Amino acid sequence: DGGITQSPKYLFRKEGQNVTLSCEQNLNHDAMYWYRQDPGQGLRLIYYSQIVNDFQKGDIAEGYSVSREKKESFPLTVTSAQKNPTAFYLCASSRTTWGTGGDEQYFGPGTRLTVT
Amino acid sequence: QKEVEQNSGPLSVPEGAIASLNCTYSDRVSQSFFWYRQYSGKSPELIMSIYSNGDKEDGRFTAQLNKASQYVSLLIRDSQPSDSATYLCAVNMNDYKLSFGAGTTVTVRA
C-alpha cells in the first residue's frame with residue numbers, strides 16, 4: 001500500500017527546543033517537499049529535494065533544516081531559531097519536479113506542531 | 001500581486017447545484033495546474049491536474065484552463081455535502097515550485 005507517512009500526528013514542545021518531524025514515502029518518488037500551513041493561509045514551501053543527498057531552500061527556510069540521506073526519507077528539523085514554529089507541517093512527494101504528469105504532488109497526513 | 005489568487009469565499013451552494021471556483025496566476029510560463037481538496041484538519045488531496053488549454057473532466061469535477069487569460073477554474077457538478085471543504089489551487093511556476101492560493105471554502109447545504 002503506497003503512500004506517505006508522517007509522524008507524529010501531534011507534537012508539543014517548549015520554546016527553545018529543536019524538534020524533528022519524520023516523513024517517509026514508499027512511492028519511489030525522486031522529489032520530496034516540506035510545506036507549512038498557518039490558519040486561513042495557503043501552503044508555503046520550506047525545503048525541497050529533487051534527489052538523494054541534495055536539497056534546496058524554499059521560500060521560508062530560515063529556522064529549519066533538512067537531510068535527504070535516503071530516497072524514502074526527508075526529515076525536517078524545526079530549530080529554536082524559528083520564530084513562529086507553531087503550524088501544520090506537510091510533507092509531499094512527486095515523481096519529478098517538472099513535466100506533464102510527473103510533477104503531481106501527493107501529501108502525507110501532516111504533523112501539527114505546537115510550541116509554547 | 002500574489003502569485004496565485006482564488007475567490008476568497010466562503011462559497012455556499014445548495015445540494016445538487018454547480019459550485020464554480022476560480023483561480024488566476026501571475027507567471028505566464030506556468031505549465032502545470034492543480035486542484036486540491038482539503039477537509040478541515042486534514043492534509044490536501046489532489047483531485048485534478050491540468051496541463052493544456054481547455055476542459056478536463058473527471059467524474060463530477062471539471063477543470064478549465066485558459067493560459068492566455070492566466071485563469072484556471074474548477075466546476076463541481078451535482079454538489080454533495082461531502083464536497084464541503086477548502087479547495088486549493090496550485091500552479092507550478094518553475095521547475096520545482098508549486099505555489100498555492102489561499103483556498104476557497106465551499107459549503108454544500110442539504
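Note on naming: letters A, B, ... go to the chains in the order of the sequence lines (proteins, then strands), and numbering restarts at 1 for each one. Keep in mind that what you see is a predicted model, and the values were worked out from it rather than measured.
Annotation: the span from B:Y51 atom OH to A:E104 atom CD amounts to 4.0 Å, rounded to 0.5 Å. Going from atom OG of A:S94 over to atom CG of B:L46 covers 11.0 Å, rounded to the nearest 0.5 Å. Here the straight-line distance linking atom NZ of B:K42 with atom CG of A:L90 works out to 12.5 Å at 0.5 Å rounding. In this structure, B:F34 CZ and A:Q105 CD are separated by 7.5 Å, a value rounded to the nearest 0.5 Å. Atom CG in A:D103 sits 3.5 Å away from atom OG in B:S32 (nearest 0.5 Å).
A:F107 and A:F74 sit in two unconnected hydrophobic clusters of ILVMFWY residues. Membership requires side-chain heavy atoms under 4.5 Å apart, directly or through other members. Criterion: ILVMFWY side-chain heavy atoms under 4.5 Å apart, direct or through other members. Under it, A:Y47 and A:V78 are part of a common hydrophobic cluster. Cluster membership check: A:F55 shares its hydrophobic cluster with A:I46, using side-chain heavy-atom separations under 4.5 Å among Ile, Leu, Val, Met, Phe, Trp and Tyr. Cluster annotation: A:F88 and A:Y106 are assigned to the same hydrophobic cluster (Ile/Leu/Val/Met/Phe/Trp/Tyr, side-chain heavy-atom contacts under 4.5 Å, transitive). A continuous path of ILVMFWY side-chain contacts below 4.5 Å connects B:L65 to B:I76, so both sit in one hydrophobic cluster.
Contact annotation for A:Q6: neither backbone nor side-chain heavy atoms come within less than 4.5 Å of a heavy atom of chain B. No part of B:E45 comes within reach of chain A, as not one of its non-hydrogen atoms sits under 4.5 angstrom from that chain. Neither the backbone nor the side chain of A:R44 comes within contact range of chain B; no heavy atoms are under 4.5 Å apart.
No side-chain heavy atom of A:L45 sits less than 4.5 Å from a side-chain heavy atom of B:L98.
Ranking B:A102, B:P44, B:S99, B:G41 against chain A, the residue ahead of the rest is B:P44, based on heavy-atom pairs under 4.5 Å.
No more than 12 heavy atoms of other residues, nucleotides or ligands sit less than 6.0 Å from atom CD of A:E62.
When all heavy atoms are compared, the tightest approach of A:P109 to B:S43 is CA-OG, 3.7 Å.
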